[in-house]
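Notes to accompany the following structure.
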Amino acid sequence: KAGVTQTPRYLIKTRGQQVTLSCSPISGHRSVSWYQQTPGQGLQFLFEYFSETQRNKGNFPGRFSGRQFSNSRSEMNVSTLELGDSALYLCASSSMPQGNGYEQYFGPGTRLTVT
Amino acid sequence: QQQVKQSPQSLIVQKGGISIINCAYENTAFDYFPWYQQFPGKGPALLIAIRPDVSEKKEGRFTISFNKSAKQFSLHIMDSQPGDSATYFCAASSGWETSGSRLTFGEGTQLTVNP
């Protein structure tokens, strides 16, 4: 099976702009989660989508949003970018709630740099 | 109560030695404890995981030890190799009904194995 794919891999944006990141989960996985990774804050949960519905949300401002499509692919959007949004954005998929759904598999991430 | 504390922040061992990384948690609702390995430029990769109904799980050179009463768990890497040099993250989850696929991560440990 192909792994989790994320596009683009690298992105450079200017403060105030908005950005959309894309994630394709492992085939058959319906749960998609997003995480932000920074040197200072580590890995922090952004939100989770299941069956096109946001099921969980982390402690991030409303500028961070996401959605999931009927084929389980997911996008996250960050509006009005700030310098502090520079990070590696990771997508993870799992087969929850079926099977060994606890296991989550991460994509390679999108490196976002805000200047 | 949602935090997972990880130590040490960095670890240097000699080839063939044992690497030990520790994690502690507060939330007694956590019921799944995975370890992830991350190489530079890559997403975290699931290494090994344990549920609280067992005290130890071994997969090859990697062993998780779990102490439910102390709310601690640790990763042991036997016969450490230079190729094991990476950042290791412990994590915890409280299950689909409670928190979906959400993982709470430790701060990470930078492991360096000298040849």
Side-chain angles (χ1 to χ4, degrees), chain A residues 3-7 9-10 21 23 25-26 29-51 53-60 68 72 74 87-111, chain B residues 1-10 21 23 25 27 29-54 57 59 64 66 73 86-110:
Chain A
V4 178
T5 58
Q6 293 186 245
T7 56
R9 292 293 313 279
Y10 303 93
L21 313 180
C23 171
I26 291 171
H29 285 189
R30 295 164 61 197
S31 170
V32 175
S33 299
W34 289 89
Y35 293 82
Q36 181 195 65
Q37 185 175 26
T38 60
Q41 299 298 316
L43 279 151
Q44 292 191 293
F45 174 79
L46 278 157
F47 29 64
E48 175 191 10
Y49 285 87
F50 175 77
S51 293
T53 302
Q54 187 180 88
R55 202 172 183 280
N56 263 304
K57 189 176 192 309
N59 190 25
F60 279 83
Q68 187 180 34
S72 295
S74 177
L88 181 67
Y89 289 89
L90 293 158
C91 168
S93 76
S94 79
S95 60
M96 267 204 184
Q98 280 82 28
N100 205 6
Y102 276 96
E103 294 184 353
Q104 286 201 63
Y105 299 91
F106 283 83
T110 294
R111 172 71 63 185
Chain B
Q1 197 178 20
Q2 289 294 322
Q3 289 183 317
V4 176
K5 295 292 188 183
Q6 183 172 347
S7 64
Q9 187 175 2
S10 63
I21 305 170
C23 284
Y25 64 96
N27 187 351
F30 286 147
D31 67 350
Y32 172 70
F33 303 88
W35 285 89
Y36 283 85
Q37 178 190 58
Q38 186 177 28
F39 292 104
K42 305 287 187 181
L46 180 62
L47 198 58
I48 187 173
I50 197 167
R51 300 291 297 274
D53 51 347
V54 297
K57 183 175 181 180
E59 289 185 2
I64 299 179
F66 185 81
F73 58 109
T87 301
Y88 292 80
F89 293 93
C90 63
S93 173
S94 51
W96 180 252
E97 292 302 324
T98 305
S99 61
S101 298
R102 178 176 186 161
L103 290 170
T104 299
F105 283 90
E107 299 89 341
T109 296
Q110 176 67 54

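Note that this is a predicted model, so its numbers are computed, not measured. So you know, we letter chains A, B, ... as the sequences are listed, proteins then strands, and number each from 1. Reckoned from all heavy atoms, side chains included, excluding hydrogens, waters and symmetry mates.
For B/Pro44, the parts sitting under 4.5 Å from any heavy atom of chain A are the backbone and the side chain alike. Looking at A/Gln6, neither its backbone nor its side chain comes within 4.5 Å of chain B, counting heavy atoms on both sides. The contact between A/Leu43 and chain B is made by backbone and side chain atoms together, counting heavy-atom distances below 4.5 Å. At a 4.5 Å heavy-atom cutoff, the contact between A/Arg9 and chain B is made by side-chain atoms alone.
Considering only heavy atoms from C-beta on, A/Tyr35 comes within 4.5 Å of B/Leu103 through its side chain.
The CD atom of A/Glu103 sits 5.0 Å away from atom OH of B/Tyr32, with the distance rounded to the nearest 0.5 Å. With rounding to the nearest 0.5 Å, the separation of CG in B/Leu46 from OH in A/Tyr105 is 5.5 Å.
For B/Arg102 against A/Lys57, the heavy-atom pair with the smallest separation is NH1-O, 3.7 Å.
Of the N and O atoms on the side chains of A/Ser31 and B/Ser101, at least one donor lies less than 3.5 Å from an acceptor on the other residue.
In B/Asp53, the CG atom is crowded: over 12 heavy atoms of neighbouring residues, nucleotides or ligands sit closer than 6.0 Å.
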